[in-house]
Amino acid sequence: MKINYKTLAAIMLIVASITAQSAPPPGQLLASMCFQCHGTNGQAIKFESIAGKSSREIYKELLEMSKRKKIESIMDLQARAYTPGQMLQIANYLSTLPKAPKSGDDD
Ligand code: HEC
(Lines give C-alpha, C1' and ligand atoms only; values in the text may rest on other atoms or scores of the structure.)
Protein backbone atom coordinates (compact mmCIF):
# COMPACT_ATOMS: atom_id res chain seq x y z
CA MET A 1 0.00 0.00 0.00
CA LYS A 2 1.24 3.44 -0.93
CA ILE A 3 0.83 5.97 1.83
CA ASN A 4 -0.31 9.34 0.56
CA TYR A 5 -1.08 12.46 2.54
CA LYS A 6 -4.74 11.56 2.95
CA THR A 7 -3.92 8.16 4.47
CA LEU A 8 -1.32 9.72 6.72
CA ALA A 9 -3.76 12.38 7.90
CA ALA A 10 -6.33 9.68 8.68
CA ILE A 11 -3.80 7.65 10.66
CA MET A 12 -2.74 10.72 12.62
CA LEU A 13 -6.38 11.50 13.44
CA ILE A 14 -6.94 7.98 14.76
CA VAL A 15 -3.77 8.08 16.86
CA ALA A 16 -4.74 11.50 18.25
CA SER A 17 -8.20 10.31 19.25
CA ILE A 18 -6.83 7.20 20.97
CA THR A 19 -4.29 9.28 22.90
CA ALA A 20 -6.98 11.76 23.94
CA GLN A 21 -9.23 8.97 25.24
CA SER A 22 -6.57 7.20 27.24
CA ALA A 23 -5.23 10.29 28.99
CA PRO A 24 -6.49 10.24 32.59
CA PRO A 25 -8.19 13.39 33.90
CA PRO A 26 -5.70 15.81 35.46
CA GLY A 27 -5.10 15.06 39.12
CA GLN A 28 -6.31 11.46 38.91
CA LEU A 29 -2.87 9.88 39.16
CA LEU A 30 -1.85 12.14 42.04
CA ALA A 31 -5.13 11.52 43.84
CA SER A 32 -4.80 7.74 43.51
CA MET A 33 -2.28 7.95 46.37
CA CYS A 34 -5.02 9.23 48.66
CA PHE A 35 -7.25 6.21 48.05
CA GLN A 36 -4.93 3.91 50.03
CA CYS A 37 -6.24 5.45 53.21
CA HIS A 38 -9.38 7.27 52.16
CA GLY A 39 -10.98 4.32 50.37
CA THR A 40 -11.46 3.50 46.71
CA ASN A 41 -12.38 6.69 44.87
CA GLY A 42 -12.15 8.59 48.14
CA GLN A 43 -15.16 6.87 49.70
CA ALA A 44 -13.82 5.89 53.07
CA ILE A 45 -14.85 2.97 55.22
CA LYS A 46 -13.23 4.20 58.42
CA PHE A 47 -11.16 7.28 57.66
CA GLU A 48 -12.71 10.49 56.53
CA SER A 49 -14.22 10.45 53.02
CA ILE A 50 -12.63 12.97 50.71
CA ALA A 51 -14.77 12.42 47.61
CA GLY A 52 -17.45 14.94 46.80
CA LYS A 53 -16.09 17.73 48.98
CA SER A 54 -15.66 21.08 47.29
CA SER A 55 -12.37 21.66 45.53
CA ARG A 56 -11.80 24.82 47.60
CA GLU A 57 -12.29 22.94 50.85
CA ILE A 58 -9.88 20.13 49.98
CA TYR A 59 -7.27 22.54 48.65
CA LYS A 60 -7.51 24.72 51.78
CA GLU A 61 -7.16 21.71 54.08
CA LEU A 62 -4.19 20.28 52.17
CA LEU A 63 -2.38 23.61 52.14
CA GLU A 64 -3.04 24.09 55.85
CA MET A 65 -1.80 20.60 56.71
CA SER A 66 1.33 21.04 54.60
CA LYS A 67 2.22 24.25 56.44
CA ARG A 68 1.64 23.05 59.99
CA LYS A 69 4.92 23.61 61.84
CA LYS A 70 4.57 20.59 64.07
CA ILE A 71 3.54 17.34 62.44
CA GLU A 72 0.32 16.41 64.25
CA SER A 73 -0.97 13.62 62.06
CA ILE A 74 -0.16 11.36 59.17
CA MET A 75 -1.92 13.82 56.86
CA ASP A 76 0.55 16.59 57.63
CA LEU A 77 3.23 14.35 56.16
CA GLN A 78 1.10 13.38 53.17
CA ALA A 79 0.32 17.00 52.37
CA ARG A 80 3.99 17.96 52.43
CA ALA A 81 4.61 15.72 49.43
CA TYR A 82 2.78 18.03 47.00
CA THR A 83 3.29 21.47 45.53
CA PRO A 84 0.33 23.90 45.78
CA GLY A 85 -0.26 23.35 42.04
CA GLN A 86 -0.49 19.61 42.54
CA MET A 87 -2.81 20.09 45.53
CA LEU A 88 -5.12 22.13 43.34
CA GLN A 89 -5.15 19.38 40.69
CA ILE A 90 -5.89 16.75 43.35
CA ALA A 91 -8.64 18.90 44.91
CA ASN A 92 -10.23 19.61 41.53
CA TYR A 93 -10.24 15.92 40.63
CA LEU A 94 -11.57 14.71 44.01
CA SER A 95 -14.41 17.24 43.90
CA THR A 96 -15.71 15.56 40.74
CA LEU A 97 -16.13 12.17 42.46
CA PRO A 98 -19.46 11.11 43.97
CA LYS A 99 -19.90 11.33 47.75
CA ALA A 100 -19.70 8.11 49.75
CA PRO A 101 -23.09 6.62 50.61
CA LYS A 102 -23.85 6.50 54.35
CA SER A 103 -22.97 2.98 55.50
CA GLY A 104 -25.23 2.97 58.58
CA ASP A 105 -23.22 0.27 60.39
CA ASP A 106 -20.50 2.59 61.63
CA ASP A 107 -19.72 1.26 65.10
C1 HEC B 1 -1.40 7.09 55.07
C2 HEC B 1 -2.81 7.32 55.06
C3 HEC B 1 -3.35 8.55 54.35
C4 HEC B 1 -3.09 8.96 53.05
C5 HEC B 1 -2.21 8.29 52.00
C6 HEC B 1 -3.87 10.17 52.85
N7 HEC B 1 -4.57 10.48 53.98
FE8 HEC B 1 -5.81 12.10 54.24
N9 HEC B 1 -6.16 11.53 56.18
C10 HEC B 1 -5.64 10.41 56.80
C11 HEC B 1 -6.12 10.36 58.18
C12 HEC B 1 -5.79 9.27 59.20
C13 HEC B 1 -6.95 11.49 58.36
C14 HEC B 1 -7.70 11.91 59.62
C15 HEC B 1 -6.77 12.54 60.63
C16 HEC B 1 -6.33 13.88 60.25
O17 HEC B 1 -7.18 14.80 60.14
O18 HEC B 1 -5.12 14.09 60.04
C19 HEC B 1 -6.96 12.22 57.09
C20 HEC B 1 -7.65 13.39 56.87
C21 HEC B 1 -7.77 14.04 55.65
C22 HEC B 1 -8.56 15.22 55.38
C23 HEC B 1 -9.44 15.93 56.38
C24 HEC B 1 -8.66 16.89 57.20
C25 HEC B 1 -9.54 17.64 58.16
O26 HEC B 1 -8.98 18.27 59.04
O27 HEC B 1 -10.77 17.59 58.02
C28 HEC B 1 -8.39 15.54 54.07
C29 HEC B 1 -9.02 16.69 53.29
C30 HEC B 1 -7.48 14.56 53.51
N31 HEC B 1 -7.11 13.67 54.50
C32 HEC B 1 -7.09 14.55 52.19
C33 HEC B 1 -6.16 13.66 51.66
C34 HEC B 1 -5.67 13.72 50.30
C35 HEC B 1 -6.16 14.73 49.25
C36 HEC B 1 -4.77 12.72 50.15
C37 HEC B 1 -3.92 12.41 48.94
C38 HEC B 1 -3.07 13.46 48.47
C39 HEC B 1 -4.69 12.00 51.43
N40 HEC B 1 -5.54 12.60 52.30
C41 HEC B 1 -3.88 10.90 51.66
C42 HEC B 1 -4.81 9.47 56.21
C43 HEC B 1 -4.28 9.51 54.93
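Residue numbers run from 1 in the order of the sequence given. Only this structure's heavy atoms are used, side chains among them; waters, hydrogens and symmetry mates stay out.
With a 4.5 Å cut-off on side-chain heavy atoms, L94 and Y59 do not count as touching. Between S95 and K53 the shortest side-chain heavy-atom distance does not fall below 4.5 Å. When side chains are defined from C-beta on, Y82 counts as touching M33, because their heavy atoms get closer than 4.5 Å. Residues I90 and C34 form a side-chain contact, since some pair of their non-hydrogen atoms from C-beta on lies under 4.5 Å apart. You'll find the side chain of L30 stays beyond 4.5 Å of the side chain of M87, heavy atoms only. Contact check for P26 versus Y93: no side-chain heavy atoms found under the 4.5 Å cut-off.
By the 6.0 Å contact criterion, CZ on R56 is open, its count of non-hydrogen atoms from other residues, nucleotides or ligands being 12 or less. Counting heavy-atom neighbours within 6.0 Å of I74 CD1, excluding the residue itself, gives a total of 12 or less.
Across every non-hydrogen atom of D76 and K70, the tightest pair is OD2-O, 3.8 Å. When all heavy atoms of M65 and M75 are compared, the pair lying nearest together is SD-CB, 3.5 Å. In this structure, S55 and A91 approach most closely via the heavy-atom pair O-CB, 3.3 Å.
Judged by distance alone, the side chain of Q86 and the main-chain N or O of T83 form a donor-acceptor pair under 3.5 Å.
A distance of 12.5 Å separates CD1 in I58 from NZ in K60, rounded to the nearest 0.5 Å. With rounding to the nearest 0.5 Å, the separation of SG in C37 from CD1 in I50 is 9.0 Å. Atoms CD and CG, from Q28 and L97 in turn, are 8.5 Å apart once rounded to the nearest 0.5 Å. The structure places OG1 of T7 at 6.5 Å from CD1 of I11, a figure rounded to the nearest 0.5 Å.
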